[in-house]
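Read the structure below first, then the notes.
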Amino acid sequence: MSVIEIDGSYGEGGGQILRTALSLSTMGGMTVCVRNIRANRPKGGLAAQHVTNVVALGRICDAELVGAYLGSVEVRFRPRSVPRPGQYSFDVGEFAEGGSAGSVCLVLQALLLPLGMANEPSQLTVTGGTDVAWSPSFDYLNAVYLPAIRRMGLRVTCRLVRRGFYPRGGGRVVAEVAAPAGGGLRALRVMQRGSLRRVRGKAVAVNLPSHVAQRMADRARSVLTREGFDNEVHATRERGPGPGAALFLETEYEHVTIGFSALGERGKPAERVAEEACEELLIHHGSAEPFDRHLADQLLVPMAMASGPSEFRTSAVTRHLLTNAYVIDRFGVARILIEGREGEPGKVRVEPCGEPGQGETPDRVKRPADM
């Protein structure tokens with residue numbers, strides 16, 4: 001039996017390589033071996049959220065697993081069935097002593113598409129961190145990522161039960177997912193964003209004084225108004241397993257919605273949290289491009305599984321984007337053309353060429369010359 005070999009140290013060298021490889025393996029029934037996992041991180045190997053991804057994807061396709069434990073630098077994954085619909089529940093904290101704030105949203109992104117390709121609807125409950133560093137927040141997932149894949153036909157909704165912050169975690173999200181009504185995923189083409197329709201936001205303080213959220217909201221409104229944006233930013237206080245603060249800003253354009261998040265931390269003024277989110281918004285808006293740097297790489301896998309070519313422009317070609325293209329290329333599922341230098345605006349075209357593992361073997365990714 002052929003095995004697809006993936007080098008986990010390639011490019012960005014993070015957990016995204018593992019998530020993409022196992023999602024494609026689950027959907028295509030191909031055995032995959034990922035080595036040198038997270039080799040480019042200060043603490044390499046599987047962390048709790050990555051173990052959760054391996055175990056969760058393994059459960060929905062009855063996979064044979066080797067290396068699914070904390071610190072593992074190599075995973076072998078062999079699906080023994082097609083993705084099976086059902087009711088699933090996963091807690092990132094189960095794989096880390098004392099609980100974990102590992103990202104709920106990254107676990108969901110790995111699972112939603114394989115479950116959405118099953119023949120019946122599924123319900124998925126994931127517990128962990130909903131607002132954590134280096135990961136999309138729940139608000140980004142709900143306002144930006146989910147609308148994009150719904151445009152491609154996937155029927156999916158997510159409900160926030162409670163928020164979870166580092167280090168306690170304990171946040172919970174419930175997702176409902178079903179296959180596209182017409183069968184396969186539709187292609188997506190977004191080359192222009194159109195006019196700006198509105199800017200709105202939410203400042204959240206959990207188990208903290210209400211003035212924390214209010215100060216974030218006030219500062220965000222002040223910065224955005226000064227820069228000429230009409231905006232609505234509201235403050236709210238919530239209860240949860242542990243304290244935390246976050247701000248999410250959403251820009252709705254004619255053809256796409258993009259979001260920007262910032263997190264509070266001990267010693268960081270609430271006003272600085274607001275300024276960080278506003279800075280990201282202003283940088284992206286100034287690029288005049290539709291997709292932000294994060295959505296660009298997050299949509300590559302759905303586009304690779306679509307019924308036809310997808311195309312979009314992004315504010316920045318990132319190492320994450322190039323790395324995700326590398327993994328998809330290894331499965332032969334799509335030809336990905338990336339125009340633009342790393343760190344600069346670019347154009348991406350994704351041309352599906354069959355189920356995972358059925359494509360041609362030559363390199364199909366067009367990369368910038370300076371990568």
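When a residue number appears, it is its place in the shown sequence, counting from 1. Given the structure is predicted, the values throughout are model-derived calculations rather than measurements.
Proximity of a side-chain donor or acceptor of R38 to a complementary backbone N or O of G45 within less than 3.5 Å is detected. With N324 contributing its side chain and D297 its backbone, the two residues share a donor-acceptor pair below 3.5 Å. A donor-acceptor pair under 3.5 Å links the side-chain atoms of R168 to the main chain of P241, judged by distance alone. A donor-acceptor contact shorter than 3.5 Å is absent between the side chain of Y253 and the backbone of I258. Under a 3.5 Å cut-off, the side chain of S310 and the backbone N or O of L188 do form a donor-acceptor pair. When atom types are taken as modelled, the side chain of R162 and the backbone of G171 share no donor-acceptor pair closer than 3.5 angstrom. The closest donor-acceptor contact from the side chain of T20 to the backbone of Q16 lies under 3.5 Å. Remark: side-chain polar atoms of R237 are paired, donor with acceptor, to backbone N or O of L208 under 3.5 angstrom. Of the possible polar contacts, none joining the Y140 side chain to the F248 backbone as a donor-acceptor pair under 3.5 Å is found. A donor-acceptor contact shorter than 3.5 Å is absent between the side chain of T257 and the backbone of V144.
Under the rule for a ring-ring contact (aromatic ring centres under 6.0 Å, His included), the partners of F260 that lie at least two apart in sequence or sit in another chain are H284. By the salt bridge (Lys or Arg N to Asp or Glu O under 4.0 Å) test, E271 pairs with R215, sequence neighbours left out. For D218, the salt bridge (Lys or Arg N to Asp or Glu O under 4.0 Å) test picks out R221, with sequence neighbours left out. For R80, the salt bridge (Lys or Arg N to Asp or Glu O under 4.0 Å) partners at least two apart in sequence or on another chain are D62. Residues meeting the ring-ring contact (aromatic ring centres under 6.0 Å, His included) test with F291, sequence neighbours left out: F312. Remark: E74 pairs with R35 by the side-chain hydrogen bond (donor to acceptor under 3.5 Å, both in side chains) rule, at least two apart or across chains. Evaluation of the salt bridge (Lys or Arg N to Asp or Glu O under 4.0 Å) rule for R200 yields E250 as partners, not counting sequence neighbours. Contacts of T26 classified as side-chain hydrogen bond (donor to acceptor under 3.5 Å, both in side chains), with partners at least two apart in sequence or in another chain: none.
More than 12 heavy atoms of other residues, nucleotides or ligands lie within 6.0 Å of CD in E238, so this atom counts as buried by the packing criterion. The neighbour count for Q192 CD, taken as heavy atoms of other residues, nucleotides or ligands under 6.0 Å away, does not exceed 12.
The two residues N40 and S9 have their closest heavy-atom pair at ND2-O, 3.4 Å. Here the closest heavy-atom approach between residue A304 and residue A334 is recorded as CB-CB, 3.8 Å. The heavy-atom pair separating P309 from A187 by the smallest distance is O-CB, 3.1 Å.
With respect to the salt-bridge test (charged N to carboxylate O, under 4.0 angstrom), the residues R313 and E339 do not qualify.
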Run R239 and N207 through side-chain contact (heavy atoms from CB on, under 4.5 Å) and show every step you take. CA-CA 5 Å; R239 292 291 183 182; N207 297 0; 3.6 Å; yes

Apply the test side-chain contact (heavy atoms from CB on, under 4.5 Å) to residues V199 and L281: give CA-CA distance (whole Å), side-chain angles for both, the deciding distance (0.1 Å), then the verdict. CA-CA 10 Å; V199 177; L281 184 154; 4.1 Å; yes

Tell me, with the steps shown, if R193 and E289 meet side-chain contact (heavy atoms from CB on, under 4.5 Å). CA-CA 7 Å; R193 67 191 188 192; E289 302 291 359; 5.5 Å; no

Worked verdict on E279 versus R272 for salt bridge (charged side-chain N to carboxylate O under 4.0 Å, His left out): CA-CA 10 Å; E279 287 168 7; R272 182 55 193 153; 3.0 Å; yes

In sequence, state the C-alpha distance, the side-chain angles, and the governing distance for M27 and V301, and then conclude on side-chain contact (heavy atoms from CB on, under 4.5 Å). CA-CA 11 Å; M27 289 184 284; V301 173; 4.1 Å; yes

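To the nearest 0.5 Å, the span separating CZ on F90 from OG1 on T52 amounts to 9.0 Å. Distance check, rounded to the nearest 0.5 Å: CG of L57 to CG of L111 gives 4.5 Å. I283 CD1 to C278 SG: the interatomic distance, rounded to the nearest 0.5 Å, is 11.5 Å. Atom OG in S25 sits 10.5 Å away from atom CZ in R78 (nearest 0.5 Å). The structure places CG of L141 at 6.0 Å from CD of Q109, a figure rounded to the nearest 0.5 Å. For the atom pair CD1 (I328) and CG (L300), the distance works out to 4.5 Å, reported to the nearest 0.5 Å.
Using modelled atom types, one finds no donor on one side chain facing an acceptor on the other under 3.5 Å when comparing S287 with S315. Side-chain N/O atoms of T127 and R172 include a donor and acceptor closer than 3.5 Å.
Counting heavy atoms from C-beta on, the side chains of D7 and E5 never come closer than 4.5 Å. With a 4.5 Å cut-off on side-chain heavy atoms, H255 and M191 do not count as touching. Side-chain contact between L112 and L146: present, with at least one pair of heavy atoms (C-beta onward) separated by less than 4.5 Å. M152 is not listed as a side-chain neighbour of M305, based on a closest heavy-atom distance of 4.5 Å or more. Inter-residue side-chain proximity for V173 and L160 is flagged as met; some heavy-atom pair is nearer than 4.5 Å. The shortest side-chain heavy-atom distance between P136 and Q298 falls under the 4.5 Å cut-off. I4 places a side-chain heavy atom less than 4.5 Å from the side chain of F331.
Screening residues 215-241 for ring pair (Phe, Tyr, Trp, His ring centres under 6.0 Å), with sequence neighbours left out, gives F229-H285. Pairs passing the salt bridge (Lys or Arg N to Asp or Glu O under 4.0 Å) check and including a residue from residues 140-152, sequence neighbours excluded, do not occur. The side chain to side chain donor-acceptor pair (under 3.5 Å) analysis of residues 114-126, with sequence neighbours excluded, yields the pairs Q123-E176.
Members clustered with L263: F165, V204, V206, by chain and number, using a 4.5 Å side-chain heavy-atom cutoff among hydrophobic residues.
With E275 as the fixed residue, the salt bridge (Lys or Arg N to Asp or Glu O under 4.0 Å) test singles out one of R226, K268, R219: R219. Of the options V34, T31, L22, a side chain to side chain contact (heavy atoms under 4.5 Å, CB included) to F77 is made by L22 and by none of the others.
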